[in-house]
Amino acid sequence: MPIGVVVSGADPVASLEKVRSLGLSTCQMSVPPQSWWSEKRIELIKKAVQEKGVRISSLICGFEGESYRDIATIKRTVGLLNPSMREERVKKVFLFSDLAKRLEVKVLQAHIGFIPEEKDSSDYKGMVEAVQRIADCCRKNGQFFALETGQEPAKVLLGFIEDVARENLKVNFDPANMLLYDADDPIKALEILGKYVVGVHCKDGKRPEKKGELGKEHPLGEGEVGIERFIAKLKEIGYEGPLTIEREISDEKRWKEDILRAKELLEKLR
Ligand code: MG
């Protein structure tokens with residue numbers, strides 16, 4: 001299991017250099033902005049991948065107007081739940097998938113938003129149909145489409161995956177999200193979703209103190225995930241993909257320190 005890190009796609013070449021400077025060989029990258037989609041700049045990114053020896057294991061889809069401020073805002077703004085934005089965003093993902101193909105990246109992943117528990121609701125049906133169309137586009141481009149976990153219990157996500165019924169629909173498993181959203185037990189959830197997992201986030205966090213609020217992210221090893229148990233479980237299910245460290249703080253100096261400490265911890269456990 002190679003160790004990697006989640007980085008920004010705002011300047012892909014600079015991000016690849018940053019990954020290498022941290023001594024890591026793989027990363028997940030947010031989809032680069034359109035200013036990077038020209039033939040010339042795609043070649044620059046591919047050249048940097050070669051020269052720096054850093055693989056981009058997945059591209060992470062994001063959409064304009066998304067905010068993770070609180071649960072209500074997430075429901076309204078994130079992913080494909082809000083029907084007023086759904087169609088436009090599905091078409092965006094088609095473009096992201098084409099971009100990933102040009103970059104030779106085999107996994108496209110996203111937070112699609114809270115999956116509704118009521119299977120009869122128009123929102124649930126709308127999300128199933130949207131993800132079917134996205135998965136079909138990714139399949140044509142030779143890719144997996146991976147859903148990031150944690151905003152709903154594993155069983156709800158599993159039911160959704162079965163309803164979408166597309167072989168290239170997979171999971172990027174984030175154990176901390178399970179706690180931040182107070183959705184499930186990360187280790188039990190991994191057991192339920194194991195066969196779909198093509199990527200993981202090594203992130204830590206604690207459950208919210210009050211119901212209905214968001215929990216807090218912590219440096220790896222300092223939250224409630226139980227990273228030893230998490231890595232042991234990954235081995236048990238036969239996972240061999242990258243261990244991608246995710247740390248969502250804006251202080252660059254602390255970010256680097258936390259990534260390096262997480263790397264050290266994972267090197268001992270993997
Ligand atoms: Mg994550």
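In each ligand, atom 1 is the first atom listed, and ligand 1 is the first ligand listed.
- Salt bridge status for Lys203 with Glu248: present, with a side-chain N to carboxylate O gap under 4.0 Å.
- If you count the protein N, O or S atoms nearer to the Mg ion (ligand 1) than 2.8 Å, you get 4.
- Rounding to the nearest 0.5 angstrom, the gap separating the OG1 atom in Thr149 from the CG atom in Leu158 is 12.5 Å.
- Classified by interplanar angle (parallel below 30°, tilted 30° to 60°, perpendicular above 60°), the ring pair Phe96/Trp37 is perpendicular.
- In this structure a side-chain-to-backbone donor-acceptor pair under 3.5 Å is missing from Glu224 to Leu179.
- Inspection of the Ser121 and Asp123 side chains reveals no N or O donor paired with an N or O acceptor under 3.5 Å.
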Would Leu22 and Lys256 count as a side chain to side chain contact (heavy atoms under 4.5 Å, CB included) if you check the C-alpha gap in whole Å, the side-chain angles of each, and the deciding distance to 0.1 Å? CA-CA 8 Å; Leu22 290 161; Lys256 268 190 186 161; 4.1 Å; yes
